Amino acid sequence: MAALLPNGLSDAAFTKALSALRAAVGAQWVLNSDSDRQSYIDPYALGDGMDHDCAAIVAPASVEEVQAIVRIANQFKVPLWPVGRGKNLGYGAASPAEKGNVILDLSRMNRILDVNVQQANCLLEPGVGYFDLFRHLQEKKLPLWMSVPGNSWGSVVGNALDRGIGYTPYGDHCEQICGMEVVLPDGSLVRTGMGAMEGSATWQSYKYGYGPGWDQMFMQSNLGIVTKAGVWLQPAPEMTAKVELALPNFDDADWAIDILCDLRRRDVIQHNIVFGSPVRAASTMSQRADWYQGKGALPDAVSEEMMKKLKLGWWNAKISLFGHEGTVKAQVELIRKLFEPRLGKPLAFDLWKQGDPPEKSAQGVPSTFGLQCVNWYGGRGGHLSFAPVLPQDGKLALDYARKIKAYYEAIGQDYYASFTIGRRHINNVSLILYSRDDPEGVARANTLYRHLLGEAAKHGFGEYRGHISYMADVASTYDFGGGALRQLNDRVKAALDPNNIIAPGRNGIGLPGSATSREVRP
């Protein structure tokens, strides 16, 4: 790999910047060798990943070091790309949106600063991973549960800041954030919510403080670097119940989604419900070649064989219930009443109550098992996720799924889809699997993503989270008022970060040509 410079920076200026960074954090924590940079490239990149190569990596150990790094970055006009643990797999991992940024790796800042059992919250640094927090709660025997995403390698705080989700009552991770400490683009430090008061006793208890609430401004943004965040945890319930639904027909999505959405709106079901296709389940325990080696998309007949052997439905969902014993048992009976007559068989619920083996419970347990799906096509596997937000309407969701499935098949891609049902919305997660060793498959993935983006926008469905290669494209679909929201974001960015130091281009903010684009520097 050839040496790379940040956009518009001379070799001499960048050498001085690296020297200043080494003086601030220690020489061993500023990395710019070819092998170091290679290790931060997106492992699922469409191609070789060099379009998102970094110029160097700096890894601070404290908020004071983060502040020093930001001030040096402003002095030399070096753009920084902050990551918590760099495990945002499927969205670009640690790689920056703009080639040549310096990655600000916060994984050394990995302290669990506080866990308050009575208040059911904790205070974390951004390098704390899901396995770290889970181990801490288990070893201390604390009666608190956490929510985890499908892939749990990443940062608890980082996932929440990117509006990631889990599958317990605390599964809307951004909603569990309560109080942040943020280094602003000029190196100054701010605490949000009640933390704005020196010595606050309620920083992790009340989100809003006095005046405007800034926490959302630091989510999916590039307006600052979060160095601490409060996270709410779930008090361990008295009982849980869990059951798997296997719906035999594609058209069952219509009525089943309507029932599940109603239960979710009423908080009978308190978690995000994933409602997925056969390939979603099969790809974690097998490869495509185990089922089909022909050209084109997987035929429905093969999907039906897969369903039969793996005891799947066309749509498959896991439902969990949490609460007091009487409440959970009543909810079990309600779900039986709603689904068993339609399915023609009894549902098999697993009940757990305090004192039973923990593995039987429905608590969130970190896992990376879901990542097995990238092996579906063999080779160096990867995946892209496209997940537009739909209204809660079963017929609309089914009609949309039918249209998307037809396009997958028309271009020769195996249909992998799920509906994630939230409180008032549905995310139609269209996962795009590919092998990086197959140029045709990689090109097909790009074509499919762009088609899905355009098709969703045509229906008024917006993507809520984007891969680094498509951030500008996703942002452009938010086009009300001639892109008024993007203009507002750029105006705030220009005011807080006139040098466009923090994550230029993240989610379409601070792109070249915007109010914060950088000029060529000597």
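Please read these numbers as outputs of a predicted model, since none were measured by experiment.
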Given the side-chain rings of [X] and [Y], with only the six-membered ring counted for Trp, is the space between their centroids under 6.0 Å?
X	Y	result
Phe480	Tyr478	no
Tyr377	Tyr434	no
Tyr416	Trp376	no
Phe461	Tyr400	yes

Flag the pair [X] and [Y] as a salt bridge only when some basic side-chain nitrogen lies within less than 4.0 angstrom of an acidic carboxylate oxygen.
X	Y	answer
Arg423	Asp172	yes
Asp215	Lys207	no
Glu125	Lys228	no
Asp42	Arg436	no
Arg402	Asp399	yes

Once ring pair (Phe, Tyr, Trp, His ring centres under 6.0 Å) is applied, do any residues pair with [X], and if so which ones, sequence neighbours excluded?
X	value
Tyr407	His451
Phe322	none
Trp232	none

Got a donor-acceptor contact below 3.5 angstrom from the [X] side chain to the [Y] backbone?
X	Y	answer
Thr192	Met180	yes
His52	Ala97	yes
Asp393	Leu396	yes

Shortest non-hydrogen contact from [X] toward [Y]:
X	Y	answer
Ala297	Tyr408	CB-O, 4.4 Å
Ser147	Thr168	CB-OG1, 3.4 Å
Pro60	Leu104	CD-CD1, 3.7 Å
Ile69	Val58	CD1-CG2, 3.6 Å
Ala317	Ile273	CB-CG2, 4.3 Å
Asn499	Asn74	ND2-OD1, 2.9 Å

Would you give the length of the straight line joining atom [atom1] of [X] to atom [atom2] of [Y], rounded to the nearest 0.5 angstrom?
X	Y	atom1	atom2	value
Ser152	Lys87	OG	NZ	12.5 Å
Thr227	Ile225	OG1	CD1	8.5 Å
Leu223	Asn489	CG	CG	7.5 Å

Point to revise | Residue pair Val102 / Cys54, side-chain heavy-atom distance below 4.5 Å | key: no
Exercise for review: Any pair with a residue in residues 147-176 that passes ring-ring contact (aromatic ring centres under 6.0 Å, His included), sequence neighbours left out, goes on the list, sorted by first then second residue, please.
Suggested key: none
**Study point:** Atom NZ of Lys318: over 12 foreign heavy atoms under 6.0 Å
**Key:** no
Check your understanding: Does Asp105 have any salt bridge (Lys or Arg N to Asp or Glu O under 4.0 Å) partners at least two apart in sequence or in another chain, and if so, which?
Key -> none
Study note, to complete from the structure: Glu463 meets the salt bridge (Lys or Arg N to Asp or Glu O under 4.0 Å) criterion, sequence neighbours left out, with none
